[in-house]
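We number each residue from 1, following the sequence as shown. Computed from a prediction, not measured in an experiment: that's the story for all the values here.
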Amino acid sequence: MTVADTSIQRVRRLPRAQRREQILAAATRAFARSGFAATSLDDIAAEAGITRVILYRHFDSKTDLYQAVLDRFCGVLGAQVAEPVGGFTDASVDGLVRAAAAEPAGFRLLFQHSAREPEFKAQAEQFRRDVTEAAHLQISAMLPDSAWARWAAQLAPAAAIEAVIAWLDAGQPDPDRAADRVRHVIAGVITAAAAGSDLDCLPANP
C-alpha cells in the first residue's frame, strides 16, 4: 500500500454533495487569499484536508473549480438578495450585507478578485454591466438628468460594494447597523448626482 493510499483511507468518507461543499468552501478561502494563478490544487486539497485524488473526483481542473466557487457564492448572494445587486431597497442592501457576513471570502472573490483574473474577467465585466443597468432602472426614475443618472448608476453599486468590503476589513463592526451605513453611502452618491447641475456654479477654488 502506498503512502497516498494510506492518506486516502485516513480521510473521513462524506456523501458526495457534502464533500463537494467542503471542497468549494476550502477553495473559496484559498483563492481569496492567494488568487487564481498562485493557488494550486495541492493548496486547495490541503485547505480542505483531503488528497488531490479526492479533489479530482469532483473537479476536472482548477478553472472548473474556480468557476464552481463563483457559482456557489452567486447562489448564496441570490438567496440573500431577492433583487439584482443594483436594486437599493432596504431588503436588497440588507441581503448584500448578510451575504458578505456569511461568506466574506466568497464576497471578496466575486467582487474584488475575479475581475483581475484573465480567465474570468469577461464574466466579471458582464456582471458589472448587469448591476449597472439594474441600478440605472431605479435611479433614472429619481433623477431627471440622464447623464447624471448614468453616472450614479455606475458609481452607486461600486460604492456600496466597496463599503461592504471596507466593513469586512474593519472586522464587521456594529453588524445590526451595517446595512444602514451602506444605504447612507448609496444615498450620498444619488444626492451628489441630483446636485450635479448645481456643481457647475461652484467656484474652482472655494
Exercise. Is a side-chain donor or acceptor of Ser92 paired with a backbone partner of Thr89 at a separation under 3.5 angstrom?
Worked result: yes
Exercise. In Å, rounded to the nearest 0.5 Å, how long is the span from CZ of Arg19 to CZ of Arg57?
Worked result: 9.0 Å
Exercise. Quick check: does any side chain N or O of Arg183 sit under 3.5 Å from a backbone N or O of Asp90, one acting as donor and the other as acceptor?
Worked result: yes
Exercise. Would you say the side-chain atoms of Gln80 pair up with the backbone N or O of Arg98, donor to acceptor, closer than 3.5 Å?
Worked result: no
For this session: Verify the cluster assignment for Val185 and Val81: are they in a single hydrophobic cluster under the rule of side-chain heavy atoms below 4.5 Å apart?
Result: no
Problem set entry | 4.5 Å side-chain heavy-atom contact, Phe73 and Phe111 | yes
For this session: Kindly compute the distance separating NE2 (His113) from CG (Leu70), expressed to the nearest 0.5 Å.
Result: 11.0 Å
For this session: Could you grab the distance from atom CG of Asp64 to atom NE2 of His58, nearest 0.5 Å is fine?
Result: 12.0 Å
Exercise. How far does CD1 of Ile161 sit from CG of Leu96, to the nearest 0.5 angstrom?
Worked result: 6.5 Å
For this session: Answer yes if Trp148 and Leu137 sit in the same cluster of Ile, Leu, Val, Met, Phe, Trp and Tyr residues linked by side chain heavy atoms under 4.5 Å apart, and no otherwise.
Result: no
For this session: Could you check Arg129 against Glu133 for side-chain contact (heavy atoms from CB on, under 4.5 Å), going step by step and ending with a plain yes or no?
Result: CA-CA 6 Å; Arg129 285 193 292 271; Glu133 287 306 311; 5.6 Å; no
For this session: State, with a plain yes or no, whether a side-chain heavy atom of Gln67 is found less than 4.5 Å away from one of Glu119.
Result: no
Problem set entry | Check ion pair Asp43-Lys62 (N to O, under 4.0 angstrom) | no
Exercise. Is the closest side-chain heavy-atom distance between Tyr66 and Thr39 below 4.5 Å?
Worked result: no
Problem set entry | Flag side-chain contact, heavy atom, 4.5 Å: Gln22 against Gln18 | no
For this session: Go through Arg150 and Asp145 one step at a time and tell me if the salt bridge (Lys or Arg N to Asp or Glu O under 4.0 Å) criterion holds.
Result: CA-CA 9 Å; Arg150 178 61 65 182; Asp145 189 312; over 6 Å; no
Exercise. Just by modelled atom types, is the Arg29 backbone N or O under 3.5 Å from a matching donor or acceptor in the Glu47 side chain?
Worked result: no
Problem set entry | Closest approach of Ala192 to Trp151 (non-hydrogen atoms, all atoms of both residues) | CB-CH2, 4.1 Å
For this session: Please report the closest heavy-atom contact between Ala32 and Ala105, naming both atoms and the distance.
Result: CB-O, 3.7 Å
Exercise. Rounded to the nearest 0.5 Å, how far does CG of Asp42 lie from CZ of Arg52?
Worked result: 4.5 Å
Seminar exercise, completed: Heavy-atom nearest pair, Leu143 first then Ile190, reads CD2-O, 4.2 Å
For this session: Find out whether Pro175 and Trp167 are in side-chain contact, i.e. whether some heavy atom of one side chain is under 4.5 Å from a heavy atom of the other.
Result: yes
Exercise. Within a radius of less than 6.0 Å around CD of Gln154, do more than 12 heavy atoms belonging to other residues, nucleotides or ligands occur?
Worked result: no
Exercise. Can you check whether Leu65 reaches Asp60 side chain to side chain, under 4.5 Å on heavy atoms?
Worked result: no
For this session: Would you please test Leu109 and Ser114 for side-chain contact (heavy atoms from CB on, under 4.5 Å) and show each step?
Result: CA-CA 6 Å; Leu109 202 66; Ser114 61; 5.8 Å; no
Exercise. Between Arg108 and Asp169, is there a salt bridge with N-O shorter than 4.0 Å?
Worked result: yes
Exercise. Where is the tightest heavy-atom contact between Phe107 and Leu168, given as atom of each residue plus distance?
Worked result: CD2-CD1, 4.3 Å
Problem set entry | Nearest-0.5 Å distance that lies between atom NE2 in His184 and atom CZ in Arg177 | 7.0 Å
Exercise. With side chains defined as the heavy atoms from C-beta onward, is the minimum distance between Phe59 and Arg20 less than 4.5 Å?
Worked result: yes
Exercise. Does atom CZ of Arg128 have more than 12 heavy-atom neighbours from other groups under 6.0 Å away?
Worked result: no
Problem set entry | Heavy-atom pair with the smallest gap, counting every atom of Ile44 and Ala30 | CG1-CB, 4.1 Å
For this session: Check whether any side-chain heavy atom of Glu103 lies under 4.5 Å from a side-chain heavy atom of Leu77, and answer yes or no.
Result: no
Exercise. At their closest point, which heavy atom of Ala159 faces which heavy atom of Val189, and how far apart are they?
Worked result: CB-CG2, 4.1 Å
